[in-house]
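Quantities reported herein were computed from a predicted structural model and do not represent experimental measurements.
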Amino acid sequence: MGMEIVHELIRGFWIIIPAYVANASAPFSGGHGRIDFGKKLFGKDVLGGGKTWEGLILALFIGSLCGWIEIISRPYLNPIALENGFTLQFLTINAVFCIALGAMLGDIFASFFKRRIGLERGESAPLLDQLDFLFGGFLAASFFVPVSIVSVVLFIFITPMVHYFSNYLGYKLGLTEVPW
Ligand code: CTP
Ligand code: MG
């Protein structure tokens, strides 16, 4: 029982890495080219200045790159998983790209929603800010590999903590404007 949870944790991690990495990479772009082209909807930014093309492209590139490293590592790692009674999902370049894209679309959707309810760029939306990319990533992954509900639930609990910690680090390093 206990080990099965650990297996689901590892399997969840395996498929969500490209999403995590993509989401974490975007702030490093230092991008300014707004995805919404500065357009407004009913007087409010469509997405806001925190969603840039540079950030999106860097996220997709680095997320896919890490996914590709997973793909080439699987022949070495999966036998170890098998010895322990589970398997690492078979990933393709299409799958990892789509997982990274799903994460970034989830993040964009969250910003769209935040602007609609009147929150400014960078203003905190607890849980939404932390989970947007995760849902996008797992949803995209589900088109390619089996995604267990257990692993999704585990990551719903883990991610806000990781996200908060990494954003705090990013804030301290001057990459994001606010610590969330
Ligand atoms: N970022 C980017 N392009 C993206 C996503 C993120 O350039 N597509 C960069 C921005 O510099 C952004 C930072 O990553 O400020 C952190 O992303 P996020 O927390 O999602 O944006 P916020 O600035 O908090 O804006 P929002 O309120 O819209 O979430
Ligand atoms: Mg934010």
Side-chain angles (χ1 to χ4, degrees), residues 9-10 12-41 44-73 91 93 95-141 151-152 154-180:
L9 186 70
I10 296 169
F13 188 58
W14 183 250
I15 56 174
I16 210 63
I17 285 173
Y20 252 86
V21 171
N23 186 60
S25 302
F28 291 93
S29 74
H32 293 287
R34 289 170 57 145
I35 293 174
D36 68 5
F37 296 111
K39 291 207 181 338
K40 298 197 180 238
L41 192 64
K44 295 179 172 113
D45 289 341
V46 175
L47 300 174
K51 301 298 104 130
T52 72
W53 291 108
E54 295 94 326
L56 176 65
I57 290 162
L58 185 70
L60 294 178
F61 181 73
I62 307 287
S64 301
L65 187 69
C66 286
W68 175 73
I69 292 169
E70 290 187 81
I71 293 168
I72 60 171
S73 310
L91 296 169
I93 258 303
V96 297
F97 176 81
C98 288
I99 293 167
L101 181 63
M104 297 323 286
L105 291 179
D107 177 57
I108 287 169
F109 178 79
S111 292
F112 180 80
F113 180 76
K114 284 172 73 176
R115 301 301 89 83
R116 302 288 72 72
I117 64 170
L119 292 174
E120 300 287 338
R121 176 235 174 128
E123 261 191 274
S124 168
L127 295 181
L128 183 68
D129 281 335
Q130 293 80 30
L131 299 176
D132 50 14
F133 80 93
L134 190 76
F135 284 122
F138 274 128
L139 184 67
S151 63
V152 175
L154 285 171
F155 276 88
I156 288 173
F157 282 98
I158 297 165
T159 302
M161 295 185 269
V162 176
H163 194 87
Y164 183 83
F165 181 74
S166 59
N167 272 19
Y168 183 75
L169 208 69
Y171 171 66
K172 286 284 172 193
L173 293 171
L175 296 168
T176 49
E177 292 177 2
V178 287
W180 52 76

Listed partners of [X] passing side chain to side chain contact (heavy atoms under 4.5 Å, CB included), at least two apart:
X: Phe109; answer: none
X: Leu169; answer: none
X: Phe61; answer: none
X: Ala141; answer: Ile15, Ile99, Val145, Val147

[X] and [Y]: which non-hydrogen atoms are nearest, and at how many Å?
X: Gly12; Y: Ser151; value: CA-CB, 3.8 Å
X: Cys66; Y: Val21; value: SG-CG1, 3.6 Å
X: Ala140; Y: Gly102; value: CB-CA, 4.0 Å
X: Glu123; Y: Gly118; value: OE1-O, 4.3 Å
X: Ile16; Y: Phe138; value: CD1-N, 3.6 Å
X: Ala59; Y: Ala22; value: CB-O, 3.2 Å

Is there side-chain contact between Arg115 and Arg121, with at least one heavy-atom pair below 4.5 Å?
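Arg115 vs Arg121: side chains touch.
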I'd like to check Ile158 versus Leu9 (side-chain heavy atoms, cut-off strictly below 4.5 Å). Are they in contact?
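Side chain of Ile158 against side chain of Leu9, heavy atoms only: contact under 4.5 Å found.
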Could you state the interatomic distance from [atom1] ([X]) to [atom2] ([Y]), rounded to the nearest 0.5 Å?
X: Cys98; Y: Leu139; atom1: SG; atom2: CG; value: 11.0 Å
X: Leu128; Y: Ser111; atom1: CG; atom2: OG; value: 8.0 Å
X: Phe135; Y: Leu105; atom1: CZ; atom2: CG; value: 15.5 Å
X: Asp132; Y: Ile108; atom1: CG; atom2: CD1; value: 10.0 Å
X: Met104; Y: Leu58; atom1: CE; atom2: CG; value: 9.0 Å
X: Phe28; Y: Ile62; atom1: CZ; atom2: CD1; value: 9.5 Å

Partners passing side chain to side chain donor-acceptor pair (under 3.5 Å) against Thr159 (at least two apart in sequence or in another chain):
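Listed in chain order: Tyr20.
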Scan for salt bridge (charged side-chain N to carboxylate O under 4.0 Å, His left out) pairs involving residues 24-37, sequence neighbours excluded, and state none if there are none.
Arg34-Asp36, Arg34-Asp45
Name all pairs fulfilling the salt bridge (charged side-chain N to carboxylate O under 4.0 Å, His left out) condition that reach into residues 96-112, sequence neighbours left out, sorted by first residue then second.
Lys51-Asp107
Just by modelled atom types, is the Ala125 backbone N or O under 3.5 Å from a matching donor or acceptor in the Asp129 side chain?
yes
side-chain hydrogen bond (donor to acceptor under 3.5 Å, both in side chains) pairs, two or more places apart, involving residues 53-71:
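Checked against side-chain hydrogen bond (donor to acceptor under 3.5 Å, both in side chains) - neighbours excluded - no pair reaches residues 53-71.
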